[in-house]
Every structure is written in C-alpha cells, then in structure tokens.
Amino acid sequence: MSVNEVRRLFNRVAARISHPVEHVLAWSLFRRRSQQRARMSHYRRRTGNNLSLQY
C-alpha cells in the first residue's frame with residue numbers, strides 16, 4: 001500500500017464523513033487489484049516487445 005492510500009484510508013475512517021468502513025476497504029481492495037492488473041499488463045507488453053528483439 002502506498003503512503004497516499006494509507007493516508008486516504010485513515011482520513012476516511014477517522015473522519016467518518018459519509019462512507020462506512022466496509023466501503024472504504026472495498027475501495028482499497030479494488031484499487032490494489034486494479035493496480036496489479038495494470039502492472040501485469042505492462043509487464044506482458046514489455047516482455048512481448050523484448051522477445052521480438054532477441055537473436
């Protein structure tokens with residue numbers, strides 16, 4: 001988890017504005033999964049390009 005995500009989670013839970021804790025945790029899970037999908041897609045694209053350049 002990044003510093004920004006921890007700060008956002010803390011602010012959401014501590015302030016108790018309008019989102020229940022379950023919503024905040026679901027957002028965090030969604031965000032981390034989304035980042036993982038993007039990271040894997042990036043790695044796959046780079047690997048595909050690098051393989052075509054090998055001798």
Side-chain angles (χ1 to χ4, degrees):
M1 294 176 75
S2 67
V3 173
N4 286 338
E5 186 176 354
V6 171
R7 183 178 42 197
R8 185 178 191 278
L9 289 172
F10 178 76
N11 288 337
R12 291 290 180 164
V13 172
R16 301 236 184 227
I17 296 172
S18 63
H19 301 290
V21 174
E22 295 81 14
H23 174 79
V24 174
L25 294 176
W27 171 85
S28 177
L29 181 62
F30 164 78
R31 178 75 178 135
R32 283 184 275 132
R33 284 182 178 167
S34 178
Q35 288 173 335
Q36 180 64 26
R37 277 193 310 269
R39 190 177 300 113
M40 293 307 294
S41 176
H42 175 73
Y43 291 157
R44 266 187 258 120
R45 263 186 278 124
R46 288 187 57 129
T47 302
N49 290 340
N50 289 339
L51 288 176
S52 65
L53 298 176
Q54 292 179 351
Y55 292 93

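All values derive from a computational prediction rather than experimental measurement.
- Note that CD of Glu5 is 4.5 Å distant from CH2 of Trp27, once rounded to the nearest 0.5 Å.
- Interatomic distance, Arg44 CZ to His42 NE2, rounded to the nearest 0.5 Å: 12.0 Å.
- In this structure, Arg33 CZ and Ser28 OG are separated by 10.5 Å, a value rounded to the nearest 0.5 Å.
- Judged purely by distance below 3.5 Å, without hydrogens or angles, the side chains of Asn4 and Arg7 pair a donor atom with an acceptor atom.
- Residue-environment remark: CZ (Arg31) stays at or below the threshold of 12 foreign heavy atoms within 6.0 Å.
- In the model, Gln36 has a side-chain atom that pairs as donor or acceptor with a side-chain atom of Arg39 under 3.5 Å.
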